[in-house]
Amino acid sequence: MAEAAVEFLLDQLSAVIRDECSLLGGIREDAEDMKNDLSRLRAALRVADEREEIDPQVEAWVKIVRELAYDTEDVLDEFLFRFGGGRTSGSFYTNIKNIYTSVKNLRARRRLALALRRIKARINENSRYQPSLPTSTRGTVHNKQLHYGRVDALFQKDSDLVGFENSKHSLIKLLLGAVDDDLRVHSVVGMGGLGKTTLVKKAYDDAQVIKHFQHRVWVTVSETFKIEELLKDAIKQLVEQTKQDLPRDFEAMGSIPLTNFVMNILSGRRYIIVLDDIWSFDVWSPIKYAFPEQKFGSRIVITTRHSEIGRDACHETQGNVYHLKLLSKEDSWILFCKKIFLSDSCPPHLVNIAEDIVNKCGGLPLAIVVIAGILATKGEDIAEWKNFQNGLNLQLESNDRMKNLKNLLSLSYYDLPYYLKYCFLYFSIFPEDVIIKKNRVIKLWIAEGFVKENGHQVKEEVAEAYLNQLIHRNLIQIAEKSDAGRIISLQVHDILRKIILSKALEQNFAVIVTGQNKEWSNKFRRLMIHRFDDDILKSTSSKILHLRSLQLFTDGVVSSSLSKLLSIDYIPLKVLDLRDNGLKTIPKEVFKLFHLKYLSLRNTMLRNVPKSIGRLQNLEILDLKRTVVKSLPVEVEKLRKLQHLIVGYYWGNGFNAPFNIGGLLSLQKLHYIQANETNGNRVVSAIGNLTQLRKLGVRNLRREDGKELCSSLEKLTNLRSLSLDSAKVDEIIDIQHSLSRVPLCLRRLKLSGRLERIPQWLSSLVSLTKLELVNSWLLEDPLPLLQDLPMLSQLLLSKSYNVEGLCFKAGKFPKLKFLRIDCFWALKWIIVEEDAMPLLEKLYLFTCELLEHVPLGIEHLSKLDSIAFCQLNENLMLSLDSNGENYTKISHIPYIHIIK
C-alpha cells in the first residue's frame, strides 16, 4: 500500500515541477530532489508491499514510508493553496508580483520549503534502515489472453456455474408447492463464503419460479438493520410490480403503517420474499409479522449463517432448513479451472501445484474464485505459481476455517498492482450490502486522482478497465447489468468488505463513522459518516486537517452540522459527496475548499446555486441531478477545469445555462442543458466550442435550433452519448441537415420529438450500440435505415411510426439483443424472417392495442430468453394464457411476462 501512496505522490510532484508557480522560491528543486529519492524507494516498496503481512520489520518500515508520502502530499497541497487559492482574477504574472510583494506569503513560502526539506531528510534517514528484501517474483508481464480475454467469464450463464445444480433443483422444488398451500418459511444455512446468496438468487430468478409467483421481493438485511428501511425496500419493489404510487408521506412512515401497506398489497396474492443474510434473532422476530399468512402457496426464504435462526424461522410454518455444504473436491477443481482457464482442465505442468492450492481452499466457493482471480493474472509461468503456493502456505497456519478464509482473501489484496490497491480500498467507504453504481465509483476514482490517462484512453475508459480487472479477480461482483449487458452496479461480498475495512483503517486510508467507533488516527484521508450527531461532530471536527474526501451516507438535513465540520480555515478536501439528503442550501464553508474537484448534491432539495460557486477553481465534477435547480449563475463560467456538469431536476426538464457556457472548454459531460426561447440558438451554437464533450443532453429544442445544432454536432468528434428532446410533443427536431463530419464515436443516441424523416447520417454511425426514437411519428419505415448498423444492440421505438406492420428482414440487425416496441397505435402484425436479429435476447411489446398475434416467425429467434407483453389487444392477451393459441408459440421462451 505504501507503493500506491508513493506512486500517487510522484504524480503530484511531477505536476508541481511542470507548473510555473512551482518556480517560486526553490520549491521546484526541492520537489525534484524528493521525487528522485522516492523513485529509488519505489522498487523496494513493490517487494515490501508483498511481505508486510508476514514480516513485522517490513510492515513497520512500510508504514513509515507511507506516512512520509502522506506528509509530503499535505505540504504540496498547502503550497498550492497558499499561492493559488482565492485568486480568480488578474494575469499569472500579476499574481506572481502580488505574491512577492507580500511579506506574509514570503514567510509562508519559506516555511513550506523548509517542511519539504525536513521530509526529504526523513526519507533519506529511513532509506538507510530499509530492511533486507528478496527480489520480487511477481510477474510484470501478464498473459494477455487471460487478462483481457476473460470478459465472457463475467457473465456466465446458469449452466456454466459449478456446484449448485442439485441444490438449486431441491430448493425450487420446495418453492413450487400447490397454489393452496399455507405460507412456508424455508431457510438456507451455511458459513460465510459458502454461496448461500448465489444459490437462492439462482432459484429466485428461475423461469418456473417467476411464472409461479405473482410478486417477488428480494431484500438484503445488513447488520445495521432497521425494520422501516427493510419495509420501504420491499414496498418500492412491490409498487413497481403493481404500477401503484408510493404513499405521499412514504419517507416519514413508521413500521406499523408500512407493515399495513405491505399487507394490503400482498393480501390474496401468491408471493415469494427473500430475506438475505439474517444475522440475529432480533432481526427475524419483527420481520416475520410483516407478511400475511394465507393459503395461496406463498414462500419466504431466508439465508443465515446461524443454524438456530434457520431452524426457529422454519419451525412455525413447517418449512425446511437447507444446510448448504462445502463443494466436493471434484466441483472445487472444476470451478477453479473454469475461473482461470475457461475450461474443465489445467495445463499439465501446473496440475500438482493447482491441486494443492484448491485443497487449501477447503471447498469454499468464495475462496476458490478469489484465489483463481489472482492466479489468472500469472499466466502459465510455473515459477509464478510456485511462489504463490509458498506464500499461501505461510498464510494458513491456523485450524480456524474463518481465519484461514480471511487470510486467503487478504492475499488477493496484496497481489494487486499498486494502481488497483487504492481503487479496491475505495469500496470500503460504502455501507454494508449497498448496491454501488458503477459510474459513481468511476467519477470518485478520477476525482481522487487514482486514474491516469494513458495516451490512447481517456480517464473514464482507464477507470472502467481498472474496474474490469477487479471483477476479473473476483474481488467485486456485478449486481446489475443493462439489457445490452453493460455493467450498471456492483457490490462487495461482506467478508471481503470487512477485510478492506480493516486495511483502510490500518493504513489511514479511510475512517467510516457509524457512531460505534470512537477512536481513530488523526491523519486519516477520507471520512465517511453513516450517522451524524453532536458526538460524532465533536470527535471528527478536530481531526480533519488531512482530509481529502468527505461523504455522508445519512438521512436528514445536514447543513448546520456540515458548516461546523468545515469551519476551519484550510482543509485539503477534494471530494465532497452530499447526495441523498434533505439539503436545501449549500453551506458557505464549501466555497472555501480550494482543492475541491468533486461536488455531488444529487437527489437533494437544493433550489439554487449561489454565485460563490465560481470560487471553486479546481472543480471538475458538479452533480446536481435530481435537484430542483433550474438555472445556474454566470459565475459558473469561471470553472475552467469543469469536466462534468450534470443537472436535471425532478420534473424532467433541463437547466438554463449561463451566458458563456461555450467557454467551459474542459467539459466532457453536459447533461441536461435547456434551450429556451430567449437563448436557444445561442446555446446550441456555444455547444460547438465544447470539443471535448463525450456526453451531451439538450432539452426544449425548437425547430429553428436545428441548423445551428447540426453545425455544432459536426465539431463534437469525441461525442459518445447524445440525447435531444423537443420543446413540445409535436415540435419537430430539425436534424435532417447533412453533416460534413459525422460523430463516428457516438454509441448512444436518443431522439425525443417529431422527425420529418429519419436523418440519413444516422446510418453512418458505425459505433452506435443504443438508439431510442420517442414521439418521432415518422411517415416512413425507419427499419431499412437502421437494420445494417453493425454494432446496434438496443433499439427502443415509442410512438415512432404509425404503420400496420413491421417486417424484420433476414440477415438484418446482426447485433441486436434488446428490442422494445411501444405505443404503435395502428400496428396489427410483426414479421420476423429467418436469420433476422440472430442475437435477440429480450423483446418487449407494450401498448399496441391492435396487435392481433405474437410476431410471426418468433420461433426463429433462437437466443430469445425473455418476452414481455403489456396493454395489448384484449383477445391477444387472453390467448397468451397457458391454454391460449398464442401461448404455444412462445412457451419455449424461459421468461414470459404478461402485464395486464
Side-chain angles (χ1 to χ4, degrees), residues 151 437-447 451-468 481-489 620-623 625 642-648 654 661-662 664-673 684 686-699 701 709-725 733 735 739 741-752 759 761-774 786 789-796 815-818:
V151 176
K437 294 295 184 183
K438 180 197 75 172
N439 288 339
R440 180 182 185 186
V441 172
I442 284 176
K443 290 186 182 73
L444 287 167
W445 283 353
I446 291 171
V451 181
K452 295 183 290 186
E453 293 183 0
N454 63 11
H456 303 291
Q457 296 174 303
V458 296
K459 288 181 179 179
E460 285 79 5
E461 293 169 336
V462 174
E464 188 140 8
Y466 287 1
L467 202 58
N468 284 335
K481 294 180 292 181
S482 72
D483 292 313
R486 294 176 61 247
I487 299 170
I488 296 175
S489 57
E620 295 178 0
I621 298 174
L622 178 58
D623 188 350
K625 191 172 183 178
L642 196 63
Q643 296 177 12
H644 291 193
L645 178 54
I646 312 162
V647 183
I661 192 74
L664 300 178
L665 300 181
S666 296
L667 269 184
Q668 296 180 17
K669 185 173 183 178
L670 179 56
H671 215 246
Y672 281 94
I673 188 170
V684 296
I687 288 171
N689 295 334
L690 308 178
T691 56
Q692 299 303 308
L693 273 183
R694 296 168 58 81
K695 184 171 185 177
L696 171 64
V698 186
R699 284 180 169 157
L701 283 166
L709 177 63
C710 288
S711 176
S712 290
L713 290 177
E714 290 178 329
K715 304 170 187 175
L716 305 183
T717 56
N718 293 304
L719 204 60
R720 301 295 195 274
S721 176
L722 175 63
S723 178
L724 303 176
D725 290 8
I733 300 179
I735 52 172
L739 302 184
R741 183 185 295 173
V742 176
L744 293 177
C745 294
L746 198 66
R747 296 172 186 167
R748 292 179 290 280
L749 174 62
K750 178 182 178 182
L751 302 176
S752 182
W761 52 264
L762 200 152
S763 62
S764 303
L765 300 178
V766 293
S767 300
L768 197 68
T769 62
K770 181 177 181 179
L771 174 63
E772 295 182 62
L773 298 178
V774 181
L786 308 177
L789 288 171
M791 300 303 294
L792 189 65
S793 61
Q794 293 184 80
L795 178 61
L796 295 87
K815 293 291 181 70
L816 199 65
K817 292 184 177 181
F818 174 86

side-chain contact (heavy atoms from CB on, under 4.5 Å) between Ile442 and Tyr466, intermediate numbers included: CA-CA 9 Å; Ile442 284 176; Tyr466 287 1; over 6 Å; no
Leu749/Leu751 under side-chain contact (heavy atoms from CB on, under 4.5 Å): CA gap, chis, key distance, verdict: CA-CA 7 Å; Leu749 174 62; Leu751 302 176; 3.8 Å; yes
Lys770 and Leu796: CA distance, side-chain angles, deciding distance, side-chain contact (heavy atoms from CB on, under 4.5 Å) verdict: CA-CA 8 Å; Lys770 181 177 181 179; Leu796 295 87; 4.0 Å; yes
Stepwise side-chain contact (heavy atoms from CB on, under 4.5 Å) check, Leu670 with Leu690: CA-CA 10 Å; Leu670 179 56; Leu690 308 178; 3.9 Å; yes
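Between His671 and Ser723 the shortest side-chain heavy-atom distance falls below 4.5 Å. Side-chain contact between Leu716 and Pro743: absent, with no pair of heavy atoms (C-beta onward) separated by less than 4.5 Å. When side chains are defined from C-beta on, Lys695 does not count as touching Arg747, because their heavy atoms never get closer than 4.5 Å. The closest side-chain heavy-atom distance from Arg694 to Lys669 is not below 4.5 Å. The closest side-chain heavy-atom distance from Leu719 to Leu713 is below 4.5 Å. Side-chain contact between Val684 and Leu701 is present, with at least one heavy-atom pair separated by less than 4.5 Å. Annotation: side chain of Leu724 is not in contact with side chain of Lys750 (no heavy-atom distance under 4.5 Å). Leu467 places a side-chain heavy atom less than 4.5 Å from the side chain of Lys438.
In plain terms, the two heavy atoms of Ser721 and Leu746 that are nearest each other are N-CD1, 3.7 Å. Annotation for Lys459 and Val451: closest pair O-CG1, 3.4 Å, computed over non-hydrogen atoms. Residues Lys715 and Gly688 approach most closely at CD-O, 3.5 Å, considering heavy atoms. Nearest heavy-atom pair, Ser763 versus Leu789, reported as atom, atom and distance to 0.1 Å: O-CD2, 3.7 Å.
Between Leu667 and the options Asn689, Leu696, Leu693, Thr691, a side chain to side chain contact (heavy atoms under 4.5 Å, CB included) holds for only Leu693. The side chain to side chain contact (heavy atoms under 4.5 Å, CB included) test with Leu645 singles out one residue from Ile661, Ile673, Ile621, and that residue is Ile661.
A donor-acceptor contact shorter than 3.5 Å links the side chain of Arg720 to the backbone of Asn718. Of the possible polar contacts, one joining the Trp761 side chain to the Ile735 backbone as a donor-acceptor pair under 3.5 Å is found. No donor-acceptor pair under 3.5 Å is formed between the side chain of Thr769 and the backbone N or O of Ser793.
For the atom pair CG (Asp623) and CZ (Arg440), the distance works out to 9.5 Å, reported to the nearest 0.5 Å. Here the straight-line distance linking atom NE2 of His644 with atom OG of Ser666 works out to 11.0 Å at 0.5 Å rounding. Remark: Glu714 CD to Ser712 OG distance equals 9.0 Å, nearest 0.5 Å. The distance from the NZ atom of Lys815 to the CE atom of Met791 is 4.5 Å, given to the nearest 0.5 Å. Atoms CD and CD, from Gln692 and Gln643 in turn, are 9.0 Å apart once rounded to the nearest 0.5 Å. A distance of 4.5 Å separates NZ in Lys443 from CD1 in Ile646, rounded to the nearest 0.5 Å.
Every residue two or more places apart in sequence or in another chain was checked for a salt bridge (charged side-chain N to carboxylate O under 4.0 Å, His left out) with Lys817, and none qualifies. Applying the salt bridge (charged side-chain N to carboxylate O under 4.0 Å, His left out) test to Lys437 and every residue at least two apart in sequence or in another chain returns Glu480. For Glu461, there are no side-chain hydrogen bond (donor to acceptor under 3.5 Å, both in side chains) partners two or more places apart in sequence or in a different chain.
Using a 4.0 Å cut-off between a side-chain N of Lys or Arg and a carboxylate O of Asp or Glu, Arg748 and Glu772 do not qualify as a salt bridge.
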